[in-house]
Amino acid sequence: MEVKPVKGTHDILGSETLLYQRIEDSLAKIAHTYGYLEYRTPIIEHTELFSRSVGGSSDIVRKEMYTFFDKGNRSLSLRPEVTASIIRTIVNNKLYASADLPIKASYIGPAFRYERPQAGRYRQFSQFGVEAVGLDSHLIDAEVISLGYHALKSLEFKDITLKINTLGDDESRNNYRGALREYFTNHIHSMCSDCQERLQTNPLRILDCKVEEDRQIIKGAPRIQDFLSKASKERFDKTVNLLDALNIKFDIDESLVRGLDYYSEVVFEYHYIAPDGKTIGALGGGGHYSHLVEELGGPNLSGVGLSFGIERLAQVIASERLLSEAFPLLAFYVMPVGEIDLEKIYHITEKIHRLGYPCEMSYEVRPLKTLFKRAERRAALFAVIVGSEELEKNVITLKNMRTKEQSVVALDDFERVAEQVVEEEIIAIGETR
RNA sequence: GCGACCGUGGUGAAGUGGUUAACACAUCUGGCUGUGAACCAGACAUUCGUGGGUUCGAUUCCCAUCGAUCGCCCCA
């Protein structure tokens with residue numbers, strides 16, 4: 001009986017992995033540029049960590065967590081996101097006491113949510129993100145938003161929609177939440193069942209509802225802008241003005257709420273709309289949090305963070321053919337010809353490995369026709385043809401797969417020729433793209 | 001959690017209640033002792049996701065189940 005992969009998981013194989021590595025390298029580099037160092041935390045945590053951070057009223061905690069009891073009867077969960085773990089380790093290690101603030105952490109790794117898989121959504125997926133903890137300023141909010149924006153730019157995304165909103169501070173939100181409850185209570189009988197539930201749990205979420213009839217009602221709802229405290233309003237204006245000055249385009253979207261309970265003040269999401277109009281939800285998003293550190297047992301420090309879904313990035317990059325030039329190729333494919341000692345061919349191949357070039361040999365003698373097909377499949381730059389004629393003279397026949405030009409090279413001279421010819425070919429290929 | 005649609009070889013796929021399950025690509029063998037094309041001949045699914053039912057007979061009809069894909073919800 002064949003064993004299938006677990007629903008919502010996926011294998012990443014061979015050349016696809018090259019794309020993932022390319023994306024991850026690019027993201028890590030951006031984070032490093034902004035001064036964020038990578039933190040690696042476990043993928044299993046005490047369930048309590050997430051119920052206290054992500055929030056008991058969030059869908060993520062209520063119905064999407066992989067929760068189980070271990071043999072010591074501890075309730076553990078696979079992490080549905082990484083922010084909580086980063087904050088936990090900052091608190092555990094009391095980094096706030098010794099490090100300069102803000103503490104800047106980046107992360108990359110798997111997260112798990114039990115949802116129905118669909119386009120750009122998996123039960124195990126990878127997140128990249130950053131957290132800046134311990135500085136309460138529009139400067140750091142803008143920095144994180146800018147970092148995300150430029151991360152997408154570095155991956156050659158062109159049409160990014162950046163949505164921004166503010167949820168205000170505690171005072172603003174309490175007042176606003178009360179006003180929303182009051183408003184929607186009068187209309188709730190004609191609204192969808194989800195909204196009826198949201199009215200109890202988190203009325204802010206009603207603003208996100210996609211049901212057409214409900215949207216009409218939502219249009220008349222009170223707006224957060226009218227309930228913002230002076231401090232929140234000023235802070236948001238400063239953030240937005242700074243982004244303007246940085247030449248980052250964004251849309252203010254008052255319906256943007258986000259499903260994790262710990263956010264306050266600025267929140268944002270990055271969206272991509274394909275030329276054919278298709279979307280796959282948010283590529284990434286984040287926001288500011290005021291009480292998360294305290295909630296997890298640390299001092300009263302605020303933070304701001306963002307995260308991206310690697311699979312979603314990869315999906316767009318693959319379908320829009322971004323980054324197509326970036327993949328490493330096989331430099332040499334070694335082809336044995338005729339009746340020949342394959343060990344001698346292997347020695348030549350080993351020599352090329354020692355020089356540091358990606359290289360493979362055919363482990364069997366096949367018609368050259370077949371070997372050329374294999375070389376093509378491997379996107380090899382050069383064929384190295386070796387038969388008894390070559391072995392006798394201590395040479396190899398070197399053929400450029402693209403131009404089909406062919407020359408005979410002395411084995412003793414191979415290192416020098418290879419260096420020159422590979423470099424030239426990489427440049428030439430770059431120019432034809 | 002709700003809904004739609006699908007499940008035939010390595011891949012893309014056609015098909016029918018009844019005897020050899022099309023076709024194409026890929027792969028392999030040979031025609032052709034060493035150069036990527038083309039051509040020719042041949043090989044390649046004891047079997048149509050899994051389990052059950054209807055039937056003389058099921059890949060085809062029915063039910064269940066699992067899985068893929070997509071939409072809603074939510075989010076990455």
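It should be emphasised that the depicted structure is a prediction, and the values quoted were computed from it without experimental measurement.
- Remark: aromatic rings of Tyr122(A) and His10(A) are close, center separation under 6.0 Å.
- Looking at heavy atoms from C-beta onward, Leu243(A) lies in side-chain contact with Ile164(A) at the 4.5 angstrom threshold.
- Rounded to a whole angstrom, the distance from the P atom of G52(B) to that of U69(B) is 28 Å.
- As judged by a 4.0 angstrom heavy-atom cut-off over every strand, Arg62(A) is placed among residues making no nucleic acid contact.
- Residue Gly387(A) is classed as a base contact, given a heavy-atom separation below 4.0 Å to a base.
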Show the distances under 3.5 angstrom between N or O atoms of the protein and N or O atoms of nucleotides 65-68 of chain B.
unit_1: A68(B); atom_1: OP2; unit_2: Lys7(A); atom_2: NZ; d: 3.4

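- Evaluation of atom-type donor-acceptor distances gives no pair under 3.5 Å for the side chain of Lys369(A) against the base of U35(B).
- Using a 4.0 Å heavy-atom cutoff across all strands shown, Glu390(A) reaches at least one base atom of the nucleic acid.
- Inspection of the Ser172(A) and Asp169(A) side chains reveals an N or O donor paired with an N or O acceptor under 3.5 Å.
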Could you list the donor-acceptor pairs under 3.5 angstrom formed between side-chain atoms of residues 106-121 of chain A and any protein atom two or more places apart in sequence or on another chain?
unit_1: Arg113(A); atom_1: NE; unit_2: Pro80(A); atom_2: O; d: 2.8
unit_1: Arg113(A); atom_1: NH2; unit_2: Pro80(A); atom_2: O; d: 3.0
unit_1: Arg121(A); atom_1: NH1; unit_2: Arg116(A); atom_2: O; d: 3.2

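- In this structure, Phe372(A) atom CZ and U35(B) atom P are separated by 9 Å, rounded to whole Å.
- Side-chain polar atoms of Thr89(A) and Thr41(A) form no donor-acceptor pair below 3.5 angstrom.
- For the P atoms, the distance from G15(B) to C6(B) is 13 Å, rounded to whole Å.
- Considering only residues two or more places apart in sequence or on other chains, Ser319(A) meets the side chain to side chain donor-acceptor pair (under 3.5 Å) condition with none of them.
- Rounding to whole angstrom units, NZ of residue Lys373(A) and P of C25(B) are separated by 11 Å.
- Looking at heavy-atom distances under 4.0 Å, Tyr122(A) makes contact with a base.
- Here Ser126(A) lies out of heavy-atom contact (under 4.0 Å) with every strand.
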With the criterion being N/O to N/O and under 3.5 Å, what pairs connect the protein with nucleotides 41-45 of chain B, and how long is each?
none

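- Spacing between G12(B) and G31(B) at atom P, rounded to whole Å, works out to 33 Å.
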Exercise for the section: Check the pair Gln124(A), Tyr66(A) against side-chain hydrogen bond (donor to acceptor under 3.5 Å, both in side chains), reporting the backbone distance first and the verdict last. Expected result: CA-CA 10 Å; Gln124(A) 175 177 340; Tyr66(A) 280 91; over 6 Å; no
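- When the P atom is compared between C44(B) and G34(B), the two are found 26 Å apart, to the nearest whole Å.
- Below the 3.5 angstrom threshold, one finds a donor paired with an acceptor across the side chain of Gln406(A) and the base of U35(B).
- For the residue pair Thr349(A) / Glu360(A), no side-chain donor-acceptor distance below 3.5 Å is found, with atom types taken as modelled.
- Distances shorter than 4.0 Å separate none of the side-chain N or O atoms of Arg378(A) from OP1 or OP2 on G36(B).
- When the P atom is compared between A22(B) and U47(B), the two are found 15 Å apart, to the nearest whole Å.
- Residue Glu81(A) contributes atom CD, which lies 14 Å from atom C1' of C74(B) at whole-angstrom precision.
- Taking every side-chain heavy atom of Glu389(A) into account, G34(B) is the closest of G34(B), U35(B), A76(B).
- Within 4.0 Å (heavy atoms only), Leu313(A) reaches no atom of the nucleic acid at all.
- The stretch residues 331-353 of chain A participates, sequence neighbours left out, in these salt bridge (charged side-chain N to carboxylate O under 4.0 Å, His left out) pairs: Glu350(A)-Arg354(A).
- Regarding His271(A), its NE2 atom lies at a distance of 12 Å from the C1' atom of C74(B), rounded to whole Å.
- Looking at residues two or more places apart in sequence or on another chain, you find a side chain to side chain contact (heavy atoms under 4.5 Å, CB included) between Ser146(A) and Tyr34(A), His150(A), Leu246(A), Ile248(A).
- Contacts classified as salt bridge (charged side-chain N to carboxylate O under 4.0 Å, His left out) and involving residues 27-42 of chain A (residues at least two apart or in different chains) are given here: Glu38(A)-Arg40(A).
- Residues Glu295(A) and Tyr289(A) have side chains that never bring a donor and an acceptor to within less than 3.5 angstrom of each other.
- Here Ser388(A) lies in heavy-atom contact (under 4.0 Å) with a base.
- The list of ring-ring contact (aromatic ring centres under 6.0 Å, His included) pairs with a residue in residues 373-421 of chain A, not counting sequence neighbours, reads Phe332(A)-Phe382(A), Phe332(A)-Phe414(A).
- Consecutive Watson-Crick or G-U pairing (both distances under 3.5 Å) extending over three or more pairs maps onto RNA chain B as B:1-4 with B:69-72, B:10-12 with B:23-25, B:27-31 with B:39-43, B:49-53 with B:61-65.
- No aromatic stack links Phe308(A) and the base of A76(B), using centre distance under 5.5 Å and interplanar angle under 30°.
- Using a 4.0 Å heavy-atom cutoff across all strands shown, Gly129(A) reaches no nucleic acid atom at all.
- Summarising the geometry, the separation between NZ on Lys63(A) and C1' on C74(B) is reported as 7 Å, rounded to the nearest angstrom.
- Atom name C1', nucleotides A41(B) and U59(B): the rounded distance is 32 Å, in whole Å.
- The residue among Val337(A) and Leu283(A) whose nearest nucleotide of RNA chain B is located toward the 5' end is Val337(A).
- Met335(A) comes within 4.0 angstrom of nothing in the nucleic acid, heavy atoms only.
- If you check A76(B), C70(B), G34(B) against the side chain of Pro367(A), the one that comes closest is G34(B).
- Across A24(B) and U8(B), the matching C1' atoms stand 15 Å from one another, rounded to whole Å.
- For the pair Glu45(A) and Arg79(A), the salt-bridge criterion is not met [side-chain N within less than 4.0 Å of a carboxylate O].
- Look at the P atom in both G10(B) and C72(B): the space between them is 35 Å, to the nearest Å.
- Pairs of residues two or more places apart, or lying in two chains, that qualify as ring-ring contact (aromatic ring centres under 6.0 Å, His included) and include a residue from residues 301-323 of chain A are Tyr270(A)-Phe308(A).
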I'd like a table of atom pairs between the protein and nucleotides 1-3 of chain B - only N or O on both sides, under 3.5 Å - with the distance next to each one.
unit_1: C2(B); atom_1: N4; unit_2: Arg116(A); atom_2: NH1; d: 3.1
unit_1: G3(B); atom_1: O6; unit_2: Arg116(A); atom_2: NH2; d: 3.3

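- In terms of position along RNA chain B, the nucleotide closest to Gly338(A) lies nearer the 5' end than the nucleotide closest to the other residue of the pair Ile60(A) and Gly338(A).
- Atom OG1 of Thr166(A) and atom CZ of Arg235(A) lie 8.5 Å apart (nearest 0.5 Å).
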Which atom pairs, one a donor and one an acceptor, fall under 3.5 Å between side chains of residues 385-396 of chain A and the rest of the protein, sequence neighbours left out?
unit_1: Glu390(A); atom_1: OE1; unit_2: Gly387(A); atom_2: N; d: 2.8
unit_1: Glu390(A); atom_1: OE2; unit_2: Thr397(A); atom_2: OG1; d: 2.6

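- Counting only heavy atoms from C-beta on, Leu368(A) has its side chain closest to U35(B) among U35(B), C74(B), C28(B).
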